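Read the structure below first, then the notes.
All values derive from a computational prediction rather than experimental measurement. In what follows, chains are A, B, ... by sequence order, proteins preceding strands, each numbered from 1.
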Amino acid sequence: MPAAVQAGEPAPSHFAGDPVSIARALLGATLVRVLDSGERLSGRIVETEAYDCPRDPACTAGRFHAARSAEMAIAPGHWLFWAAHGHPLLQVSCRPKGVSASVLIRAIEPLEGLGQMLTFRPVTRERDLSNGPAKLVYALGLNPAQIAGTRVDSPALHLRPAETPLADDAVRVTARVGIKEGRHLPWRFTLRGNPWVSPALPSMAVVGDG
DNA sequence: ACTTCGATGCTCT
DNA sequence: GAGCATCGAAGTA
């Protein structure tokens, strides 16, 4: 796994690489959000997916000659938002400018600021707070216009590596959720047995074990 | 300006 | 598990 995600300060340059490896490495890391007020919200990343144009048939941008401009224009190690069905989805760019590839953060387990998150996103069942890619964006109070294009080590939103490396058997590898093409690719990573993983089921049998 | 589509979420059964 | 609300981006004109 990329050394940058194991320890130290995950700087943008460390996210230039294979999004599949980086998606696996980001599992277990902590996503830290600092509000304008100074209040700190955080959550453990329990679900990620990789998208990698042009080899990835599920990457919408890869089916066209021109990828989505915002994604194409961004350098590695920066936050970006993919819009789907009217919802913003948080991603980390992984390839040089002009190449569309990224890691989608699909679910987090709340660690700090649970009360504030519930204010941003009121839910009846606490479990539904951040167990989906758009849900966590709302729960953290992320404004795409403010965050998109900023570095992954920005004060307002940054990453903190997992303190202890994840054992391989703690990671569940499956097909990605909600796509039509590329279902055969095992590019979704979840923490096995974690209740904060999104309820969406993979459209294909579990890879590796289940 | 208009049309289509989607890496979703919510609200019912 | 099925139906729909929703809106940004891309394509078409």
Side-chain angles (χ1 to χ4, degrees), chain A residues 15 18-24 26-27 31 43 45-74 76 78-95 97-110 117-149 172-190 195-207:
Chain A
F15 291 86
D18 173 23
V20 179
S21 306
I22 296 171
R24 163 67 175 79
L26 279 178
L27 206 60
L31 184 61
I45 297 173
V46 299
E47 178 173 352
T48 60
E49 283 180 2
Y51 288 82
D52 191 20
C53 293
R55 67 170 168 145
D56 180 5
C59 185
T60 309
R63 288 208 296 270
F64 305 98
H65 287 295
R68 295 201 181 188
S69 54
E71 191 179 7
M72 289 292 283
I74 211 161
H78 289 65
W79 300 114
L80 69 91
F81 291 84
W82 183 272
H85 296 272
H87 301 286
L89 315 180
L90 178 67
Q91 310 186 42
V92 181
S93 59
C94 297
R95 296 289 196 202
K97 276 189 184 180
V99 181
S100 176
S102 57
V103 172
L104 168 66
I105 299 176
R106 285 192 55 91
I108 62 171
E109 172 186 352
M117 289 193 223
L118 286 167
T119 303
F120 282 134
R121 182 179 147 77
V123 289
T124 51
R125 294 190 325 170
E126 208 170 89
R127 169 169 305 192
D128 294 327
L129 175 62
S130 56
N131 61 347
K135 294 175 184 178
L136 69 91
V137 170
Y138 298 136
L140 293 175
L142 296 179
N143 176 5
Q146 179 194 11
I147 301 294
R172 199 166 172 240
V173 184
T174 64
R176 292 168 291 177
V177 172
I179 56 173
K180 290 195 171 89
E181 310 288 332
R183 294 181 187 178
H184 60 290
L185 295 169
W187 287 0
R188 177 189 185 215
F189 302 91
T190 56
W196 294 91
V197 168
S198 80
L201 294 173
S203 56
M204 137 186 161
V206 170
V207 176

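Distance alone, capped at 3.5 Å, is enough to place a donor-acceptor pair between the R176(A) side chain and the A50(A) backbone. Proximity of a side-chain donor or acceptor of S93(A) to a complementary backbone N or O of H78(A) within less than 3.5 Å is detected. Checked by atom type and distance alone, the side chain of S130(A) pairs as donor or acceptor with a backbone atom of I108(A) at under 3.5 Å. At distances below 3.5 Å, at least one donor-acceptor pair connects side-chain atoms of R121(A) with backbone N or O atoms of D128(A).
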I'd like a list of close polar pairs between nucleotides 2-4 of chain B and the protein, N/O only, cut-off under 3.5 Å.
none

Polar atom pairs between nucleotides 11-13 of chain B and protein, under 3.5 Å, N or O only, would you list them?
none

For nucleotides 5-8 of chain C, which of its nitrogen or oxygen atoms have a protein nitrogen or oxygen under 3.5 Å away, and what is each distance?
unit_1 : atom_1 : unit_2 : atom_2 : d
dT6(C) : O2     : H85(A) : O      : 3.2
dC7(C) : O2     : G86(A) : N      : 3.0

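Summarising the geometry, the separation between CG on L80(A) and C1' on dA9(C) is reported as 14 Å, rounded to the nearest angstrom. The separation between K180(A) atom NZ and dT8(B) atom C1' is 13 Å, rounded to whole Å. Spacing between atom CG of N131(A) and atom P of dC10(B) amounts to 9 Å, rounded to whole angstrom units. Atoms CZ (R183(A)) and C1' (dG6(B)) sit 13 Å apart, rounded to a whole Å. When rounded to the nearest whole Å, the span between OH of Y138(A) and C1' of dT8(B) equals 8 Å. If you take CG of L89(A) and P of dA7(B), they are 9 Å apart, rounded to a whole angstrom. Following rounding to the nearest Å, F189(A) (CZ) and dA7(B) (C1') show an atom-to-atom distance of 15 Å. Note: CD (E47(A)) to C1' (dT8(B)) measures 13 Å, nearest angstrom.
Taking CG of L80(A) as the start and CG of L89(A) as the end, the distance is 10.0 Å to the nearest 0.5 Å. Rounding to the nearest 0.5 angstrom, the gap separating the CD1 atom in I105(A) from the CH2 atom in W79(A) is 4.5 Å. Atom CD in E49(A) sits 8.0 Å away from atom OG in S198(A) (nearest 0.5 Å).
The strand DNA chain C forms stems, runs of 3 or more Watson-Crick or G-U wobble pairs with distances below 3.5 Å, at B:1-6 with C:7-12, B:8-12 with C:1-5.
Applying the side chain to side chain donor-acceptor pair (under 3.5 Å) test to every pair with at least one member in residues 137-148 of chain A, sequence neighbours left out, gives these pairs: H87(A)-Y138(A).
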_side chain to side chain contact (heavy atoms under 4.5 Å, CB included), that's the test. Do V197(A) and R188(A) meet it? Break it down for me._
CA-CA 11 Å; V197(A) 168; R188(A) 177 189 185 215; 4.0 Å; yes
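Qualifying side chain to side chain donor-acceptor pair (under 3.5 Å) partners for D52(A), counting only residues two or more places apart in sequence or in other chains: R55(A), R95(A).
The phosphate of dC10(B) (OP1 or OP2) has a side-chain N or O of R121(A) nearer than 4.0 angstrom. Distances shown here put a side-chain N or O of R106(A) below 4.0 Å from the OP1 or OP2 atom of dT8(B). Applying the 4.0 Å criterion to OP1 and OP2 of dT8(B), one finds that K135(A) has every side-chain N and O outside that range.
In plain terms, the two heavy atoms of W82(A) and Q91(A) that are nearest each other are CB-NE2, 2.7 Å.
Nucleic acid contact for F81(A): none, since no nucleic acid atom lies under 4.0 Å from a heavy atom of the residue.
Side chains of V20(A) and L185(A) form no contact here, defined as non-hydrogen atoms less than 4.5 Å apart.
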